[in-house]
Q: 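Next up is a structure, given as structure tokens.
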Amino acid sequence: MISTAVRVARVGTVAELAAAALMVLGYPCLMLAALVPSVPAFAAAAAVTYLADHYLHRRGSYLINRLSKVRAGLSIRFLIRQLLLVLLLARLSLSDDLIFYGAVGCFIAFYGLQAPHGALVTLIRNRRRLPVATRNVDLTTRIRIPDAPPRRLLHRSAEKILHLDLAAVVGVLVSAAADSAVAGLVGIAVTLVLGGGYTLALVPYVRGRRVPSCPEAVLAAVDDWLCAYRPETVLYFSGSKDSAYQVNMWLETMEQLDSKPLIILRERVILQNLAPTTVPVICVPGGVHLMNMDLSTVRVTLYAANVGKNIHMLRVPTMKHVFIGHGDSDKAASVNPFSKVYDEVWTAGRAGRHRYAIADVGVRDEDIVEVGRPQLAPIRTWQGVPEDPMPTVLYAPTWEGWDDNPGNTSLLLAGENIVRRLVTADPPVRVLYKPHPFTGTRSAEAKAAHRRITALVEQAAAERAADPRCTVDAAARTAAQAERARIEARLAELSRTTGGEKDDEAEATRDGLIDLARHKEIARLRAEWNEAYWGAVPAWEHRVITGAEPRLYDCFNVSDAMVSDISSVVSDFIASGKPYAVTDSAGLGAEEFRRQNTAVRAAVILTNSAAELGELLAAVRDPAADPLAENRKELKRYLLGPDEPKSIDQFNSAVAELALKAETRNLGQESRIAASAVEEVEPEDAGRPAA
């Protein structure tokens, strides 16, 4: 029942639900205490509402947002508590007392401070929001970006100033109990002085040199930087916060380009979730600003997603436009008809080319280029039967998608069967469960299935840990945990050295130049962290893995087989050469499922009962029981292209060839314009006598 209440209230924990209940119930208790009247009861109820309110704000509770929507927002809650305090004084027959008039005057004056305080906070934030935000772009010599106001002034500012009424409330309650106005007047003075001081402390940050340069100057500075840097290849991306992984997967590839790279983002939230990179990044939320930006040196623009804002860049004819996507799979999204607006579509291997031909969505065969998948370089190829006595099987289902097609994900119909068969397999295997980041974002059923699967894995892990046959090398585990702690401490130290994540956009733009030595050290430490993470995990321990770390490819490398759905995860895993299984959740039948989905042609096909998992486990344990080994090799070449030349070399060659086409087009256009100008002049001169 409690878990149901947590889910319905959309709060994160039982403690959060309890705080919400206490806050909601606290106000009727305040009214009752005021009517009785009882100063101790009122003080106790007030303390509960203060603490619960503060806790929910600190947790960022969904309930806080909902209360605002029903006109029970933060200011209203504080005002009601203050009005009930005035009611308490009246019920105590203090309406003619000095403390009564002092409390009323204080609360009116205190609320009078809210307007200038809120206006100043809004003005400061607006003036510090630049028309563009950048990383690895040095604008400090071109524009003024002063330090941000102290975080304590702006962070949760409305909550902070409202809580300053606490001094007045406590003082008035003490006066009401002691029948003396002194404590109340002191508390009132403290509240008004602190509120006025807080408001005045904001004033210096709305004028003079504490305000960044005007938007026009910032845009001009970005254009000056672009003219000096002369970018040649752009990665363009627009999307929601949860789609940041789609651009992050291309960062390392952009760093390895032979041409000058630039990343253009359209949403600030994507910039906030962008992984560290050495490539210059410009975030341009405004379409008009982007269309007026000087990108005359860019010859190739790469698009990782099909979104509406792409049109703002596609309109530029001096560059060639390429759809590179964010994965290579047999999903319908991989052959979106929108793709025909690009000059070229780049796929990993021949499978992508054939996929577009079969779909017949208007993408011409001559506009498709096979470039491999540069991101797959970290995936290690399979070395045969696992050395460990207990193989590891990764279950990595995709999310539920935008519709209710039963073939979207195995979570709903097959997920629990898959996990249950894996955790009870004999001989035993270890299970890693890593769901898609979007799981449960649209479908409550998928979210519930994910929770049940998580519970299954965790229960099986607990049972295995209690099995005396599952031993742990305590010394090795302790050493790995210590190493992991050391690495995390060093990473935290590096984060502090660089200022960490800055709340202020202008300051983050000013200080966003990456330290290459520090960047390399962080990359090395993250690789070492991954080794330490797996070193601290017993080889038999089932595990649920969510979040960014460990990464999916790291899970590939420690696994001996995988179970998944139709998604780019399958295509990527094929790079390892390891056995894999794919679930036919829609019940098409193995033959039809293989016909419709190229990536499963070398897979064990699972029905929703997952009864066929034995074939996969047998292939892992014994090469003689792996009839699909050769098929996987052929399919790898078909889906991902040849191993040589390396994918990054293919990618760079494709960029260079397309840049040459763009340059040829631009030169031809200049010649045609020049010829047209000559033709317009010649008729005027034709009838004139020679000099």
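These numbers come from a predicted model, not from an experiment.
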Q: Asn557 side chain to Pro378 main-chain N or O, any donor-acceptor pair under 3.5 Å?
A: yes
Q: Less than 4.0 Å between a side-chain N and a carboxylate O, is that true for Arg151 and Asp504?
A: no
Q: Kindly say whether Lys241 contributes a backbone atom to a donor-acceptor pair with the side chain of Asn273 at under 3.5 angstrom?
A: no
Q: Side-chain polar contacts of residues 524-532 - donor-acceptor pairs under 3.5 angstrom, sequence neighbours left out - could you list them?
A:
residue, atom, partner, partner atom, Å
Arg524, NH1, Glu528, OE2, 2.9
Trp529, NE1, Glu488, OE2, 3.0
Asn530, OD1, Trp534, NE1, 3.1

Q: Tell me if a side-chain donor or acceptor on Asp223 pairs with a main-chain N or O of Met293 at a distance below 3.5 Å.
A: no
Q: Would you confirm whether Asn248, through its side chain, and Ala275, through its main-chain N or O, come within 3.5 Å as a donor-acceptor pair?
A: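 At least one qualifying donor-acceptor pair exists.
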Q: Taking atom types as modelled, is there a side-chain donor on Arg632 or Tyr580 under 3.5 Å from an acceptor on the other?
A: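 Side-chain D/A pair, Arg632 to Tyr580: absent.
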Q: Go through Thr301 and Val322 one step at a time and tell me if the side-chain contact (heavy atoms from CB on, under 4.5 Å) criterion holds.
A: CA-CA 6 Å; Thr301 298; Val322 184; over 6 Å; no
Q: Over 60° means perpendicular and under 30° means parallel, so classify the ring planes of Tyr433 and His450, tilted if in between.
A: tilted
Q: Output, in order, the C-alpha distance, side-chain angles, deciding distance and verdict of side-chain contact (heavy atoms from CB on, under 4.5 Å) for Leu552 and Val569.
A: CA-CA 9 Å; Leu552 179 63; Val569 170; 3.8 Å; yes
Q: Passes side chain to side chain donor-acceptor pair (under 3.5 Å), Ser296 versus Asp294? Steps please.
A: CA-CA 6 Å; Ser296 57; Asp294 183 3; 2.8 Å; yes
Q: Tell me whether the centres of the aromatic rings in Tyr303 and Phe323 are closer together than 6.0 Å.
A: no
Q: Please answer whether the main-chain N or O of Pro427 pairs with a side-chain N or O of Arg621 as donor and acceptor at a distance below 3.5 Å.
A: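 The answer is yes, because a donor-acceptor pair under 3.5 Å joins these two groups.
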Q: With no hydrogens and no angle check, just 3.5 Å: does a side-chain donor-acceptor pair link Glu267 and Ser238?
A: yes
Q: Could you check whether Glu663 pairs with Arg299 (Lys NZ or Arg NE/NH1/NH2 to Asp/Glu carboxylate O, under 4.0 Å)?
A: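 Yes, this pair counts.
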Q: Test Asp565 against Ser410 for side chain to side chain donor-acceptor pair (under 3.5 Å), laying out the working first.
A: CA-CA 6 Å; Asp565 308 321; Ser410 60; 2.7 Å; yes
Q: Assess whether a salt bridge exists between Glu505 and Arg268, defined as any Lys/Arg side-chain N lying under 4.0 Å from an Asp/Glu carboxylate O.
A: yes
Q: Do Asn310 side-chain atoms and Ala305 backbone N/O form a donor-acceptor pair below 3.5 Å?
A: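 Side chain of Asn310 to backbone of Ala305: a pair is present.
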Q: With a 4.0 Å cut-off, would you call Glu370 and Arg353 a salt bridge?
A: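 Salt bridge present between Glu370 and Arg353.
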Q: Please check: side-chain N/O of His289 versus main-chain N/O of Val284, any donor-acceptor pairing under 3.5 Å?
A: no
Q: Is it true that, when you exclude Arg125 itself, more than 12 heavy atoms of the residues, nucleotides or ligands shown sit nearer than 6.0 Å to its CZ?
A: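 Above 12, so yes.
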Q: Does Glu400 form a side chain to side chain donor-acceptor pair (under 3.5 Å) with Thr439? I'd like the steps, not just the answer.
A: CA-CA 7 Å; Glu400 60 269 24; Thr439 298; 5.0 Å; no
Q: Does the pair Arg142 and Val222 meet the rule for a side-chain contact (heavy atoms from CB on, under 4.5 Å), with working shown?
A: CA-CA 9 Å; Arg142 298 174 173 88; Val222 171; over 6 Å; no
Q: So, does Lys434 use its side chain to make a donor-acceptor pair with the main chain of Leu394 at under 3.5 Å?
A: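 The answer is no, because no donor-acceptor pair under 3.5 Å joins these two groups.
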Q: Classify the ring geometry of His436 against Phe438: parallel below 30°, tilted from 30° to 60°, perpendicular beyond 60°.
A: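 Correct class here is perpendicular.
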Q: Hey, can you pull the donor-acceptor pairs under 3.5 Å for the side chains in residues 640-651, sequence neighbours left out?
A:
residue, atom, partner, partner atom, Å
Ser647, OG, Val371, O, 3.0
Ser647, OG, Arg373, N, 2.9
Gln650, NE2, Pro645, O, 2.8

Q: Not counting sequence neighbours, which residues clear ring-ring contact (aromatic ring centres under 6.0 Å, His included) with Phe556? List them please.
A: Tyr553, Phe573
Q: What verdict does the side-chain contact (heavy atoms from CB on, under 4.5 Å) test give for Thr140 and Ile145, after you've listed the backbone C-alpha separation in whole Å, the side-chain angles of each residue and the deciding distance to 0.1 Å?
A: CA-CA 7 Å; Thr140 55; Ile145 303 180; 5.8 Å; no
Q: Is a side-chain donor or acceptor of Lys260 paired with a backbone partner of Tyr229 at a separation under 3.5 angstrom?
A: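 At least one qualifying donor-acceptor pair exists.
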Q: Show the numbers, then the answer: is there a side chain to side chain donor-acceptor pair (under 3.5 Å) between Thr381 and Ser576?
A: CA-CA 4 Å; Thr381 56; Ser576 71; over 6 Å; no
